[in-house]
Amino acid sequence: MSLTRRTLLASSAAALAAPALAQTQGKIVVIGGGFGGASAARFLHRMGLDVTLIEPNAQYISCPFSNSVIAGLRDLSQQTFTYAALERQGIRLVRQMASQINTSVRRVTLADGVMISYDRLVLAPGIDLNFEALPGYDEAASNLMPHAWKAGAQTMLLRQQLEAMDDGGTVIISAPANPFRCPPGPYERASLIAWYLKNNKPRSKLLILDSKDAFSKQSLFTAAWKEIYGDRVEWIGLSGGGKVTEVKAKEKIFVTEFGEHKADVGNVIPPQRAGKIAISAGIADQTGWCPIDPVTFEAKLAPHIHVIGDACVGGGMPKSAFSANAQAKACAQAVAALLRGDNPVEPKLVNTCYSLVKPDYGISVAGVYAPAKGLLADVQGAGGVSAANAPASVRAAEAQYAEGWYKTITQEVFG
Amino acid sequence: MKERKTFRFATTTGGALTALLFCLCGSSLAAPQDVSQSPPGASACLSCHGAGETELPSLKALSALDIETAMDAFRTGARDATLMNRIAKGFTPEESRAIAQWLTTQGRAP
Ligand SMILES: Cc1cc2nc3c(=O)[nH]c(=O)nc-3n(C[C@H](O)[C@H](O)[C@H](O)COP(=O)(O)OP(=O)(O)OC[C@H]3O[C@@H](n4cnc5c(N)ncnc54)[C@H](O)[C@@H]3O)c2cc1C
């Protein structure tokens, strides 16, 4: 079929561009060109392997630092990357949505009907916002009350709504139960919106309605809010009645078990699950996420498919860009070993997530992870959050390091 | 932190040559490293300590012994840090040595 011819032509072109160290046979397909998938494609290709990356979008708009865009501190263009460097590297890029995975014959079907076979598939589709989980919150509702949990138009919509709000208004953010993409993200967002309000609409308030009683870097956020934003920021946890059970998008009302809250600007961060393709291919379990082997990232529900990034059950690892990238490297190593017929080495992984409480005030959480009892577990004694009561100079340094991290990782993945 | 600026242009002949080759290819300096032989944990270092100059300390000019010594000091708390003490505690001295060695070979160039 034309598919075969197309594939052959493409692979000979890529073979020329690939390093000469190619010894291992095997065709690798990567689904998703985000922090996880684009990293995996680059590192696998760098090892001399035959890599095809399937990603429908010409541009990738990155979530890390998108809270700064919402607060008017940054431009969306600083969040926007292309795949030009990956193509220059020699990675075969297929600009399509993968619509089906046939796990028994190891074949991906694209939205346009073309089929691509693989020996090993790396699946990194990120998250899907679950528009069925919260009554009243579907895709149409997100045009009135944005989620801004995938960066792009939603990010700008939330920013514009804040800019259009009158001074004295109430901004409400609802945060979901665990697990979800970027555990400290809602609280960084609350902080930076509070910064915007303090400087531009000082009579306004911000309320966080939370479906849980504890959150990432909680003591650091809470102390900083008190110090910087006073009573402008209020957080209501699960036991205080913070769980949102319904939204009325036209009226911007959040319904909780304890009553209703009306917002002038409402940001709903809904429950999430693995990207749709993982669900439809049966690689996710009933939790909505994909269980994996912690050494190889191979899906427990489908052999020869390796899941990395937000879509996988990362054990102790949070769903972050840092994790997705670290997992991509470890996974690339394992896939290369498997294709060679070697035993994959047990990996160790690291995560670091910086959050900004204001532009020159950064805090971090870090962890080191290793396989234990079938999961990626925290290495005891390592990790944790920034020191409480650190001087302003340390907070400023961490804000700078956050910038440095973003430059480095985006260079590594897209540059 | 000060090592970043001090050693900015200190590259070996090999490093300079590699850099030149990359310029000729029109490729950026950040083309990914070959992580196929990286010891456990090592490849994650590169997402903060990469090839380019940023707000974060570069490892480029450090020897394997420098990195190993720093990791040991971060692990024991002898050296202060915003973050590295939390990460170093997750690695044994032997693991840290392997990471340090890899970072100064594979991980250094381009
Ligand atoms: C507000 C906010 C702030 C954040 N801040 C940070 C931070 O500071 N630090 C940090 O480490 N992380 C941060 N994150 C988290 C980070 O964005 C995610 O964890 C990361 O993007 C996960 O990478 P991924 O590759 O798994 O998924 P994604 O980056 O979402 O990439 C998935 C890709 O797959 C593609 N795709 C999906 N389905 C298909 C299909 N069927 N076929 C082909 N392609 C498909 C999509 O188009 C997309 O390009 C933040 C997130 C948010 C929302």
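Residue numbers start from 1 in every chain, and the chains themselves are labelled A, B, ... in the order their sequence lines are given, proteins ahead of strands.
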So which residues of residues 87-94 of chain B are in contact with chain A at a heavy-atom cut-off of under 4.5 Å?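 B:I87, B:K89, B:G90, B:F91, listed by number.
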Portion of [X] that has a non-hydrogen atom of chain B nearer than 4.5 angstrom:
X      : value
A:V365 : backbone
A:F414 : neither
A:F322 : side chain
A:A85  : neither
A:Q400 : both
A:E346 : backbone

Rounded to the nearest 0.5 Å, what's the gap from [atom1] on [X] to [atom2] on [Y]? Could you check?
X      : Y      : atom1 : atom2 : answer
A:E412 : B:C48  : CD    : SG    : 10.0 Å
B:S43  : A:L349 : OG    : CG    : 7.5 Å
B:L46  : A:N325 : CG    : CG    : 9.0 Å
A:W405 : B:L83  : CH2   : CG    : 12.5 Å
A:T408 : B:L56  : OG1   : CG    : 5.5 Å
A:R46  : B:D34  : CZ    : CG    : 5.0 Å

Please check if atom CG in A:N343 has more than 12 non-hydrogen atoms from other residues, nucleotides or ligands closer than 6.0 Å.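 It does not: A:N343 CG has 12 such atoms or fewer within range.
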Tell me whether A:R74 at atom CZ has more than 12 heavy atoms from other residues, nucleotides or ligands lying less than 6.0 Å away.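 Enclosed.
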Mind checking whether A:M47 and B:V35 have side chains closer than 4.5 Å, heavy atoms only?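 Counting from C-beta outward, A:M47 and B:V35 do come under 4.5 Å.
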Would you check if B:P39 and A:K348 make a side-chain contact, meaning some heavy-atom pair closer than 4.5 Å?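 No - every pair of side-chain heavy atoms lies 4.5 Å or more apart.
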Start with the C-alpha distance between B:S47 and A:K329, add both sets of side-chain angles, then the distance that settles side chain to side chain contact (heavy atoms under 4.5 Å, CB included), and finish with yes or no. CA-CA 10 Å; B:S47 35; A:K329 292 173 197 169; 3.9 Å; yes
Is there a side chain to side chain contact (heavy atoms under 4.5 Å, CB included) between A:Q411 and B:T54? Walk through the geometry before answering. CA-CA 11 Å; A:Q411 267 289 94; B:T54 72; over 6 Å; no
Check side-chain hydrogen bond (donor to acceptor under 3.5 Å, both in side chains) between A:S68 and all other residues, then give those that pass, not counting sequence neighbours.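 Partners of A:S68 under the side-chain hydrogen bond (donor to acceptor under 3.5 Å, both in side chains) test: none.
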Can you name the closest pair of heavy atoms from A:P347 and B:P40 and give their distance?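 Scanning both residues completely, I find the closest heavy atoms to be C-CB, 4.2 Å.
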Side chain to side chain contact (heavy atoms under 4.5 Å, CB included) between A:K407 and B:E55, intermediate numbers included: CA-CA 9 Å; A:K407 283 179 198 157; B:E55 291 80 351; 2.7 Å; yes
With chain B as the partner, which of A:V413, A:V385, A:D378 has the greatest number of non-hydrogen pairs under 4.5 Å?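 Option with the greatest count: A:V385.
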Does the side chain to side chain contact (heavy atoms under 4.5 Å, CB included) test come out yes or no for B:S38 and A:Q333, once each step is laid out? CA-CA 8 Å; B:S38 65; A:Q333 238 179 322; 3.4 Å; yes
Which is it for B:R86 and A:T352 under the side-chain hydrogen bond (donor to acceptor under 3.5 Å, both in side chains) test, yes or no, and what are the steps along the way? CA-CA 10 Å; B:R86 290 177 261 158; A:T352 299; over 6 Å; no
